[in-house]
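Worksheet: one structure, shown below.
Please read all numbers here as calculations on a predicted model, not as lab measurements. Order of listing sets the numbers, starting from 1, for every ligand and every atom in it. Position 1 is the first residue of the sequence; numbering continues from there.
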Amino acid sequence: MSSDDWQFDTLALRAGRVISPEGEHSEAIFPTSSFVFSSAEEAAARFAGDEPGNIYSRFTNPTVAAFERRLAVLEGGERCVATASGMAAILSTCLGLLKSGDHLLAATQLFGSTVNLFDKYLTRWGIEVSYVDVTDLARWQAEIRPNTRMLFIETPSNPLMEIGDIQGLAELAHAQDALLVVDNCFCTPALQQPLALGADVVVHSATKFLDGQGRCIGGAVVGDSQLVGEEVFGFLRSAGPSMSPFNAWVFLKGIETLGLRMVAQCTAAEQLAVWLSAHPAVSRVYYPGLATHPQHELAKQQQRAFGAIVSFEVVGGREAAWQVINSTEMLSITANLGDVKTTITHPATTTHGRLSDEGRERAGIHQNLMRVAVGLEDLNDIKADLQRGLDQLPR
Ligand SMILES: *Cc1c(COP(=O)(O)O)cnc(C)c1O
């Protein structure tokens, strides 16, 4: 059986490995800024691109390359470019693939820093930006302009778990000679492969589920050899938002257990969503696995499971939400997600705190909303930790 036939969990452990002459079983870390050449001729040939090989770790490092090969295989893309952070992946994608005068049509439901990057910085370079509800396919069609060159979504979105129709949006984009970029952070390739559904580029914050244990900041861009292998790589090589070899190694180790973690964390999240829905102090639960979720059917079609994030609103306002958060004794009050330790966040005052009040309301992020990223603790302990605060609330 050849590696072409391997299934996801096998690829997550073994794709992209290159064993050095030392015969190491676990991938080696190469903490070196540059690489030596055997001759001036070899150096010249490598710099000219006439001969493959390592040059300088801003754009060629064997540990980073192993991470890139593995994630490319898992996403079903030809090439992956690793970056210093998820935000660096989004920046590299936009600056590598857009130019002044282009229009970027983005989902309203985006990570807060992504909106800041688009509104405050991309617009400075003459890129027009506008927003559409990720769930409203007909609106996307209407908002496309003659100069629209990129559609950008997250699905499921953070923190409300709204679902965008990847196949439908890809068709719209391609009819307009535009690209569809999908931030696949919440699903990871273990649950969803946007490229197979027609997306052109996938971006990641490796910081989240790919690491899985909240250790390192990193990101990645995956796509074909032209868009990612030439354009995004060219930007990275010149601009330098590169991933460190150590971080690449941590992400490689994280990816080895990705499938197993996602299954366990999604199962627990699904059960937690059902449990929260039944609590009288909980007024609304946002989880695509619930039959009451407006895009439950779409999520079922394009995802293998519904994700490890559950957001919910309580009866009351900010005080009520903060009381639930402050009554926890085990859950980590932190903005990160995708960790094996369960985390709880108040999006309106943290991850989405820099949005205007109006922008936040438009995005549906209310003061009584909390986001839980479910980890691997015993589910009964997670429930008990949330129940302490919930039981104190008026209902
Ligand atoms: C965290 C996050 C990012 C940004 O990634 P960093 O690694 O923090 O730079 C982008 N998109 C989504 C959906 C995220 O959750």
Open item on the list: Testing Leu390, Asn368, Val315 one by one against Val282 for a side chain to side chain contact (heavy atoms under 4.5 Å, CB included), which residue passes?
Closed with: Leu390
Does ligand 1 have any N/O atom under 3.5 Å from a protein N/O, and what are those pairs and their distances?
from     : atom 1 : to     : atom 2 : distance (Å)
ligand 1 : 5 (O)  : Ser205 : OG     : 3.0
ligand 1 : 7 (O)  : Gly86  : N      : 2.9
ligand 1 : 7 (O)  : Ser205 : OG     : 2.8
ligand 1 : 7 (O)  : Thr207 : OG1    : 2.7
ligand 1 : 9 (O)  : Gly86  : N      : 3.0
ligand 1 : 9 (O)  : Met87  : N      : 2.9
ligand 1 : 11 (N) : Asp183 : OD2    : 2.7
ligand 1 : 15 (O) : Lys208 : NZ     : 2.7

- [ ] Decide salt bridge (Lys or Arg N to Asp or Glu O under 4.0 Å) for Lys253 and Glu27; before the verdict, give the C-alpha distance in whole Å, the side-chain angles of both, and the deciding distance to 0.1 Å.
- [x] CA-CA 9 Å; Lys253 298 295 107 181; Glu27 289 78 354; 2.8 Å; yes
Residues 209-217, side-chain donor-acceptor partners within the protein, below 3.5 Å, at least two apart:
from   : atom 1 : to     : atom 2 : distance (Å)
Asp211 : OD1    : Gln213 : N      : 2.8
Asp211 : OD1    : Gly214 : N      : 3.4
Asp211 : OD1    : Arg215 : NE     : 3.0
Asp211 : OD1    : Arg215 : NH2    : 3.1
Asp211 : OD2    : Arg215 : N      : 3.0
Asp211 : OD2    : Cys216 : N      : 2.9
Arg215 : NH2    : Asp211 : O      : 3.2

Task: Test ring-ring contact (aromatic ring centres under 6.0 Å, His included) applied to Phe152 and Tyr131, Phe111, Phe118, Trp140, the passing residue - done: Phe118
Open item on the list: Classify the ring geometry of Phe67 against Phe251: parallel below 30°, tilted from 30° to 60°, perpendicular beyond 60°.
Closed with: tilted
- [ ] Flag this pair as yes if the NZ/CZ of Arg46 is under 6.0 angstrom from the six-membered ring centre of Phe37 and inside a 45 degree cone about the axis; otherwise no.
- [x] no
